[in-house]
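Numbers here are sequence positions counted from 1. Hydrogens, waters and symmetry mates are skipped; everything else that's a heavy atom, side chains included, is used.
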Amino acid sequence: MVPVKRYAARAGAGLGALALVAGGVLWFGGGYDRWSSGRVLTQACDGVLPADEVRSVLGDRHLKAGKNTSEGSLDDTTTSLRVVCGVSRDVDADAGEYPGDGSVRVTVSGVPTLDHEDRAYESLYPSVRSALPPTPLGQGWNGVFSTGGSRGAEAKATTSVLLDCAAGPGDLLVTVEAEVGGYLDDTPLDDPRRRTAFARIATATAANASRTWNCDADLGTPLSTVALPVNEDEYVALADAEGTCSGISARGKAVVRAWESERGTAPFEQCVLGGADGHTVYTLVAQYGPYAESELHVLTTGSGTRNPVEAGQRAGVLPDGSYWTTADCPGGGEPALFRLVRYDDKAEGGGAGRAHALSALKVFAERSAAAHHCSEPAAPTHTDAP
């Protein structure tokens, strides 16, 4: 008969061996890596990062957390809500099969920013980086999708979603910058499945953020597809423009081409005008909500001895020769801001060119403001007087 103690020792050794085997299977089978990545995703950004949507872009292994910061709340009267987090692939050679570069950076911002003085010379919110017009998300979402590169296996995109909170005095802006590259990511953003997967990170994060911070905003429907932003080969004759460039007249051969997106109610809109040679002449930009607030913050705080925009001004010209105007919008927040940026000092061509540029800004601003139910913009002017 085997002594009880010896039997117990053998049983314990057997269980220990099984645990070691199970642990080995978990480790070498990738289970531990997936479990570790799962922890990274659930702990990032105060728990509002959508794990499944991020996995669809970065995969479910080799993930590591970036810097995670959190401050304020929607109910705070002194410090605005600002939550920033990042998740990226671990490309350490010891991590196993090289998965290629990949990262997702998320920023959740309370709107408006309450502590302007703490950010005197920086942007209040992440910007929409797009040389050509971004595309509105649509499908009930107030946001835009822009690309920063999609050739070969490299894909970069920024998706921004603005939520109109039903509760409290503030709103929420969710911005997601996603970037992937490598032989495991050989599908470009020309594929609607790829760019829709990118954009869904932002809409799912926005939905989670609305619940987490008691925003209670009306949400859009799950994204079925996202249009590809216009590229440099997709221009139309200015006379045929039907979106953000509609209604603007041509000027000889100097201004005849248009790059545009659909007109909607997105918080950031753009129209690019070019000459017969294909070169950009003007870019027209409409900014609402946080984007108008951020740009006006930069223009009114300025740098050096003179601010380019003085208090009380409604329209004027900036030091670089850009024209701007504003319009009041529902809600009583920052006015909408409209700008015409020149890309060529010779583009105006004297008085006739100046008149055309001011007319282009006037038409662009009026049509955009009307679509957003804002007041008629102030008349653009080439002087800097209030």
Side-chain angles (χ1 to χ4, degrees), residues 32-92 94-95 99-116 118-119 122-129 143 148 155-163 165 168 170-182 185 197-215 217 290 294:
Y32 175 80
D33 196 4
R34 294 187 185 92
W35 173 82
S36 177
S37 295
R39 288 193 64 190
V40 168
L41 294 174
T42 56
Q43 293 176 358
C45 262
D46 288 5
V48 300
L49 200 62
D52 290 342
E53 284 76 6
V54 174
R55 287 191 182 102
S56 72
V57 170
L58 297 181
D60 62 354
R61 300 179 62 183
H62 308 297
L63 300 186
K64 63 179 181 179
K67 185 177 181 180
N68 192 352
T69 61
S70 178
E71 62 182 14
S73 71
L74 282 181
D75 297 326
D76 198 325
T77 58
T78 58
T79 303
S80 293
L81 173 70
R82 185 179 175 87
V83 177
V84 181
C85 71
V87 177
S88 62
R89 289 180 180 147
D90 186 351
V91 296
D92 190 325
D94 295 332
D101 297 327
S103 64
V104 169
R105 176 180 169 85
V106 177
T107 304
V108 181
S109 305
V111 179
T113 295
L114 302 176
D115 43 354
H116 282 191
D118 294 336
R119 304 176 192 176
E122 66 174 290
S123 178
L124 303 182
Y125 309 98
S127 61
V128 177
R129 298 181 178 89
K156 303 176 184 178
T158 299
T159 309
S160 300
V161 178
L162 179 61
L163 296 180
C165 296
D171 296 327
L172 280 175
L173 177 67
V174 175
T175 307
V176 173
E177 300 168 277
E179 177 178 355
V180 296
D185 297 300
F198 276 42
R200 280 175 175 164
I201 298 175
T203 54
T205 300
N208 292 340
S210 181
R211 289 188 291 268
T212 297
W213 287 290
N214 300 316
C215 170
S294 185

Q: Could you give me the CA-CA distance, side-chain angles and deciding distance for T212 and D46, then say whether side-chain contact (heavy atoms from CB on, under 4.5 Å) is met?
A: CA-CA 9 Å; T212 297; D46 288 5; 5.5 Å; no
Q) How many angstroms lie between OG in S127 and CG in L124, if you round to the nearest 0.5 Å? A) 11.5 Å
(Q) Using every non-hydrogen atom in the two residues, find where C45 and N68 come nearest and quote the distance to one decimal. (A) N-ND2, 3.2 Å
Q. Quick one: side-chain contact (heavy atoms from CB on, under 4.5 Å) partners of D75, sequence neighbours excluded?
A. S73
Q: Verify, without hydrogens or angle tests, whether T205 (side chain) and I201 (backbone) share a donor-acceptor contact under 3.5 angstrom.
A: yes
Q) How far apart are the closest heavy atoms of V174 and A206, and which atoms are they? A) CG2-CA, 3.8 Å
Q: Would you indicate whether the side-chain heavy atoms of V128 and S160 approach each other to under 4.5 Å?
A: yes
Q. Rounded to the nearest 0.5 Å, how far apart are CG of L74 and SG of C165?
A. 5.5 Å
Q: Not counting sequence neighbours, which residues clear side-chain contact (heavy atoms from CB on, under 4.5 Å) with A197? List them please.
A: S56, V57
Q) What distance separates L163 CG from T203 OG1, expressed to the nearest 0.5 Å? A) 10.0 Å
Q: Any chance you could measure S88, atom OG, to L58, atom CG, to the nearest 0.5 Å?
A: 8.0 Å
**Q.** salt bridge (charged side-chain N to carboxylate O under 4.0 Å, His left out) partners of E53, counting only residues at least two apart
**A.** none
(Q) Taking side-chain contact (heavy atoms from CB on, under 4.5 Å) as the definition, give me every residue that meets it alongside A202, ordered by chain and number, with sequence neighbours left out. (A) T159, V161, V176
Q) Between L63 and R89, is any pair of side-chain heavy atoms under 4.5 Å apart? A) yes
Q | S109 side chain near T175 side chain, heavy-atom distance below 4.5 Å | A | no
**Q.** Sequence-distant partners of N208, side-chain hydrogen bond (donor to acceptor under 3.5 Å, both in side chains), two or more places apart
**A.** R211
Q | Which atom of F198 lies closest to which atom of A157, heavy atoms considered | A | CD2-CB, 3.6 Å
Q. D76 versus L81: any side-chain heavy-atom pair under 4.5 Å?
A. no
Q. What are the two closest non-hydrogen atoms of V54 and L49, and how far apart are they?
A. CG2-CG, 3.9 Å
Q: Taking all non-hydrogen atoms of both residues into account, name the closest pair between S80 and L114 and its distance.
A: OG-N, 2.6 Å
Q: Could you grab the distance from atom CG of L173 to atom OG1 of T113, nearest 0.5 Å is fine?
A: 9.5 Å
Q) Partners of N214 by side-chain contact (heavy atoms from CB on, under 4.5 Å), sequence neighbours excluded? A) none
Q.
Rounded at 0.5 Å granularity, tell me how far CZ in R105 sits from OG1 in T158.
A. 11.0 Å
